[in-house]
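What follows is one structure encoded as structure tokens, with my remarks underneath.
Order of listing sets the numbers, starting from 1, for every ligand and every atom in it. We use all heavy atoms of the structure for the numbers below, so side chains are in, but hydrogens, waters and symmetry mates are not.
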Amino acid sequence: MKILVTGGAGFIGSHLVRQLMDAGDEAISLDNLSTGLRENLPKEARLEVMDIHDDRVEDLFRREHFDGVVHLAGQTLVSSSIEDPKNDMFQNIDGTVRILECCRKYGVPRVIFSSSAAVYGDVEEKDLPITEDHSAEPLSFYGLTKLTVEKYLALYHRIFGIHYMALRFANVYGERQGDGGEGGVISIFAKRLAEGKDITIFGDGKQTRDFVYAGDIARGIRKALTTENCDTCCNLSTETETSLNDLTATFSTITGTPVTPKYGPAREGDIYRSSLSNRKAKDLLDWKPEVPLEEGLKRTYEYFRK
Ligand SMILES: NC(=O)c1ccc[n+]([C@@H]2O[C@H](COP(=O)([O-])OP(=O)(O)OC[C@H]3O[C@@H](n4cnc5c(N)ncnc54)[C@H](O)[C@@H]3O)[C@@H](O)[C@H]2O)c1
């Protein structure tokens, strides 16, 4: 298969491109390198440095005849979406519709989209782990643009027959994750510990997240590229809650030195517990996460140490 990966030089993109190449597929990355890096990709990987809004994107589609598009490029920060909703809308909605228009014009049969747990908004603890049929009431413009794109995909399928899968990722972590902005808590902790610095937990440390390894996410995306059970949304998650205190304890095991975090005031607006059901992914994609947290943390820590 010949696959276009927008945002291919980013964190998740770089895991996906490696897997596609290893499987013998042709992966072409399109990335403006705003947060992504050329060095994130293997030397032999093909990278087109351009913005998703660039007119040259259409030429690329005309020339290449893609069998599928994995659309990962976009504005990825909840906080930036609150500070500048217009830019969030431009990057995540306008940018995506441009890619979808190219798919329509040049006959791309399938699009896989990186949606997010942010589409769900505030969820009562009794509703954990969250299933895909839970109501979606985003609390940020980021969550809203992800949900809006899901609805565009459903209509592009209905009107133009383009197949799609909107994958709602939980908290993804692994090698090559940026630690700038809000980068995942794991990449921030791993980098600081690798540099011999201390770490701070905001709140009591009992807050939980559903941490899923980027290589597992990439495998889920690859399954979504070929499954017949498409044209829907689907969580990709571990369905396991890990507290930040547990995370710190696992880092102690990995580094071989006790990690004693500092504690700061809880951050306003942070959800306390989070976990997404992965039953639908098991049923539709025959996917389940394979990399245990300790192994994924070890790989992430080693990456930052080097
Ligand atoms: N990391 C997570 O935990 C997580 C969770 C849910 C959803 N997602 C989504 O997954 C996708 C990938 O996220 P990531 O964590 O790999 O982030 P990332 O910042 O590492 O990757 C995004 C990539 O897109 C590129 N990009 C951004 N705007 C672009 C534009 N206008 N034109 C071309 N390229 C552009 C960046 O340079 C970067 O390489 C994003 O859509 C994000 O919203 C990530």
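Heavy-atom separations between G95 and ligand 1 are all 4.0 Å or longer. Using 4.0 Å as the threshold, A117 has no heavy atom nearer than that to any atom of ligand 1. For K146, the closest heavy-atom approach to ligand 1 falls below 4.0 Å. Contact between S115 and ligand 1 is present, with at least one heavy atom of the residue lying under 4.0 Å from the ligand. Ligand 1 has no atom lying under 4.0 Å from any heavy atom of Y173.
Using a 4.0 Å cut-off to heavy atoms of S114, the atoms of ligand 1 that qualify are 9 (C), 10 (O), 11 (C), 40 (C), 41 (O). Every atom of ligand 1 with a heavy atom of F169 under 4.0 Å away is listed here by number and element: 5 (C), 6 (C), 7 (C), 8 (N), 10 (O). Of all atoms in ligand 1, numbered sequentially from 1 with element shown, those under 4.0 Å from a heavy atom of M50 are 33 (C). The G10 neighbourhood of ligand 1 comprises atoms 20 (O), 21 (O), 38 (C), 39 (O), with distances under 4.0 Å to a heavy atom of that residue. The atoms of ligand 1 that sit less than 4.0 Å from any heavy atom of G36 are 36 (C), 37 (O), 38 (C), 39 (O). Atoms of ligand 1 lying under 4.0 Å from at least one heavy atom of L33, given by number and element, are 37 (O).
Of the protein's heavy atoms, N32 OD1, 3.1 Å lies nearest to atom 35 (C) of ligand 1. Distance from atom 5 (C) of ligand 1 to its nearest protein heavy atom, with residue and atom name: A170 O, 3.5 Å. The nearest heavy-atom contact from the protein to atom 17 (O) of ligand 1 is T76 CG2, 3.8 Å. Of the protein's non-hydrogen atoms, T35 OG1, 3.2 Å is the one closest to atom 36 (C) of ligand 1. Protein heavy atom nearest atom 16 (O) of ligand 1, with residue, atom name and distance: I12 N, 2.9 Å.
Counting only N and O atoms by type, the side chains of Y213 and E290 include no donor and acceptor under 3.5 Å apart. Neither side chain, N40 nor S14, offers a donor N or O lying under 3.5 Å from an acceptor on the other.
A salt bridge links D59 with R62: the closest approach of a Lys/Arg side-chain nitrogen to an acidic carboxylate oxygen falls below 4.0 angstrom.
A donor-acceptor pair is defined here as one N or O able to donate and one able to accept, closer than 3.5 Å; no such pair exists between the side chain of E294 and the backbone of I254.
Nearest approach of Q75 to S80, heavy atoms of both residues: OE1-CB, 3.4 Å. Nearest heavy atoms, L100 versus I162: O-CD1, 4.3 Å.
When each of R98, R104, K105 is tested with E101 by the rule salt bridge (Lys or Arg N to Asp or Glu O under 4.0 Å), just one qualifies, namely R104.
Neither I221 nor V111 shares a network with the other; the hydrophobic side chains, linked directly or stepwise wherever heavy atoms of I, L, V, M, F, W or Y lie under 4.5 Å apart, form separate groups for each.
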Which donor-acceptor pairs under 3.5 Å do the side chains of residues 243-250 make with protein atoms, sequence neighbours left out?
{"from": "S243", "atom 1": "OG", "to": "N245", "atom 2": "N", "distance (Å)": "3.4"}
{"from": "S243", "atom 1": "OG", "to": "D246", "atom 2": "N", "distance (Å)": "3.0"}
{"from": "S243", "atom 1": "OG", "to": "D246", "atom 2": "OD2", "distance (Å)": "3.3"}
{"from": "N245", "atom 1": "OD1", "to": "Y263", "atom 2": "OH", "distance (Å)": "2.6"}
{"from": "N245", "atom 1": "ND2", "to": "D204", "atom 2": "O", "distance (Å)": "3.2"}
{"from": "N245", "atom 1": "ND2", "to": "G205", "atom 2": "O", "distance (Å)": "3.3"}
{"from": "T248", "atom 1": "OG1", "to": "L244", "atom 2": "O", "distance (Å)": "2.7"}
{"from": "T250", "atom 1": "OG1", "to": "D246", "atom 2": "O", "distance (Å)": "2.9"}

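Listed by chain and residue number, E195 satisfy the salt bridge (charged side-chain N to carboxylate O under 4.0 Å, His left out) test with K197 (two or more places apart in sequence, or in another chain).
Evaluated by nearest non-hydrogen atom to atom 28 (N) of ligand 1, the leading choice among S14, G74, A9 is G74.
For the pair R168 and Y120, the cation-pi criterion (under 6.0 Å, within 45° of the ring axis) is fulfilled.
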